[in-house]
Amino acid sequence: MPSKPSFYITTAIAYPNGVPHMGHAYEAIATDCIARFKRLDGYDVRFLTGTDEHGIKMLQTAQKAGLTPRQLLERNVPRFQAMGEAFNLSNDDFIRTTEERHKKASQAIWERMAARGDIYKSTYSGWYSVRDEAYYAEEETTVNEQHVRLGPQGTPVEWVEEESYFFRLSAYQQKLLDHYAANPGFIMPEARRNEVVSFVSGGLQDLSISRTTFDWGIPVPGDPAHIMYVWVDALTNYITALGYPDTEADLFKRFWPADVHVIGKDIIRFHAVYWPAFLWSAGLEVPKRVFGHGFLFNRGEKMSKSVGNVVDPFGLVDTYGVDAVRYFFLREVSFGQDGSYSHESIVNRMNADLANDLGNLAQRSLSMIAKNLDGVVPEPGPLSAEDEAILALADGMIGKAREAIESQAIHQYLAAVWAVVAEANRYFAAAAPWALRKTDPKRMETVLWTTAEVIRQVAILAQPVMPASAGKMLDLILVPEAERGFDRLGGGFRLPGGTVIPAPTGVFPRYVEPEAPAAG
RNA sequence: GGCAGCGUAGCUCAGUUGGUAAGAGCGCCGGAUUCAUAACCCGGAGGUCGGCGGUUCAAGUCCGCCCGCUGCUACCA
């Protein structure tokens, strides 16, 4: 049997020293949408997400709470996993960097890099704040009137020299630049690529990749006084989950190199500079694409505890429903750019696009089949130019959607689908099947079938964004599970007539503001 | 300071290589309709396309300068 093409997509692993916020959920649903799209489009998909559980901040947060790091993780990681459930993620695995498999993988990649001669022991020096337990770059520090050098938190810093292992990042500068030039799609969007190219062109310094001042991390092989510094540990998760260091394992052979790492724009450098260098050093292939998405802003302002506008993702799901929230963020925000949201914008989107346009179109057309044709899906008669036109538009959706998803333009894929929904409403209003009921019932049947066929294709294409709602819509027209893949789109397949469908029920309810408790 | 990008209708934004592109969605106003989730459909609203100056038969669309905003980066010892 012919094997499916493979597709490996990941989110960044979240740092669970706090609870998940909407930014975590956003990255996850965008990645999930692409993963689901590819599955429906016939790919063998692997979708990975997880948590990054080591590092000094985890240790500090735990200490402040009077907990051990493991206790903190026991408290917080389930929240991230619950977020995955709440947002209906379809991840195939959930990697935790405290897992044994990850320790093995991280130590293995370290040893490969060392064997290559890219790791050496030297002295790491820098400005260290005892109070912050953190190192700062020179430019992050300031000198006050008393000639005391201060870190960004306003705490005094001192010059500290610490033994550390270094990675020979500087040796990879030209190879990275060559790779960027030869693979313009490696870093996306383009603005992010320009920044990285500019940064690398400016010269690369070797990277300190171990610490001795705390022990919440993976021990360096052969030198347990050192633990690996954050990025070697964290980035390796993408291959840990494929069974590394067993590069002959089925998962690894099928899915490495990854097709897309979806990450926030703030960690582009680690993924587009450090990660490929590590991989080359270890003799592995580099991912095909690193996509840096933007940030979300609440009413145009960055979410922050001090401003008091931090939005709980679970609360959004409770208020609007998971599919509406998924649709809103994926349709409203140009993927790759920053986005803004508010109660008003979410309600507007879900009412206009989902309830009024798609939900109402399904309701008005399918209810006519139920009421006038005893629920029997009609067979179309001769197709008019109008019928042909709207069907051609519906058949064209999958091509546009594929093209958009190839470049992670999720919003464009959705815009293409909803443009057809809008046109279908115009078609339906112009054809006025309710008027044809008495004048030309046969023609009415053709209009209703045509509309139902458009709904079928729209619903199939809406599954990646709104799995549950789209599925419910397909249930309304009795599309079998096996016929919901993208191979059923594009005109090579049509909604069969003759089946008896149930009376439709609303798939996308309008959001109505709750009544004020005490009007008056 | 350097590099990059942006500044188009109230809001969010599209606008190939310069010539029916001044557009879409939302909001707003008017109309129509009642199959439908008070939804859908039709029409309108007139924005110096940040400013100035150029190139051109013709410029949001190219060039220069200026203003404002954003990102990356450097420096400010």
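Every chain is numbered from 1 and lettered A, B, ... according to where its sequence line falls, protein lines coming before strand lines. As the structure is a prediction and not an experimental result, all values here were calculated from the model.
Ionic pairing of A:Arg494 and A:Asp395 is present here: one or more N-O contacts between side-chain nitrogen and carboxylate oxygen are shorter than 4.0 angstrom.
Taking the nucleotide of RNA chain B with the nearest heavy atom to each of A:Val507 and A:Lys265, the more 5' of the two is matched to A:Val507.
Nearest to the side chain of A:Ser367, among B:rA39, B:rC35, B:rA14, sits B:rC35. Ranking B:rC35, B:rA39, B:rC72 by closeness to the A:Arg364 side chain, first place goes to B:rC35. Nearest nucleotide to the side chain of A:Asn194, out of B:rC35, B:rA4, B:rC40: B:rA4. Closest to the side chain of A:Arg510, from the set B:rU37, B:rC41, B:rA36, is B:rU37. Distance from the side chain of A:Asn360 is smallest to B:rU37 among B:rC41, B:rC35, B:rU37.
The list of side-chain hydrogen bond (donor to acceptor under 3.5 Å, both in side chains) pairs with a residue in residues 401-415 of chain A, not counting sequence neighbours, reads A:Lys38-A:Glu406, A:Asp41-A:Arg402, A:Arg289-A:Gln408.
Nucleotide B:rG25 holds its P atom 11 Å from the CZ atom of A:Arg349, rounded to whole Å. Straight-line distance from the CG atom of A:Asp338 to the C1' atom of B:rU70: 9 Å, rounded to whole Å. Rounded to whole Å, atom P of B:rC3 lies 15 Å from atom CD of A:Glu195.
In this structure, A:Ala355 reaches the bases: a heavy-atom distance under 4.0 Å links it to at least one base atom across the strands shown. Across all strands shown, A:Gly202 has no heavy atoms under 4.0 Å from either base or sugar-phosphate atoms.
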**Request:** Might you work through the side-chain hydrogen bond (donor to acceptor under 3.5 Å, both in side chains) test for A:His179 and A:Tyr172, ending with a clear yes or no?
**Result:** CA-CA 10 Å; A:His179 190 255; A:Tyr172 290 89; over 6 Å; no

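Rounded to a whole angstrom, the distance from the C1' atom of B:rU61 to that of B:rA14 is 14 Å.
The side-chain hydrogen bond (donor to acceptor under 3.5 Å, both in side chains) search around A:Ser469 returns A:Asp323, not counting sequence neighbours. Listed by chain and number, the residues in a ring-ring contact (aromatic ring centres under 6.0 Å, His included) with A:Tyr120 are A:Phe166 (sequence neighbours excluded). Under the side-chain contact (heavy atoms from CB on, under 4.5 Å) criterion, A:Lys400 pairs with A:Ala416, sequence neighbours left out. For A:Phe329, the ring-ring contact (aromatic ring centres under 6.0 Å, His included) partners at least two apart in sequence or on another chain are A:Tyr341.
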Below 3.5 Å between N/O atoms, which protein atoms pair up with nucleotides 26-34 of chain B? Just atom names and distances, please.
unit_1 : atom_1 : unit_2   : atom_2 : d
B:rC26 : O3'    : A:Asn348 : OD1    : 3.4
B:rC26 : O2'    : A:Asn348 : ND2    : 2.8

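In this structure B:rG53 sits in the anti conformation; its chi angle is more than 90° from 0.
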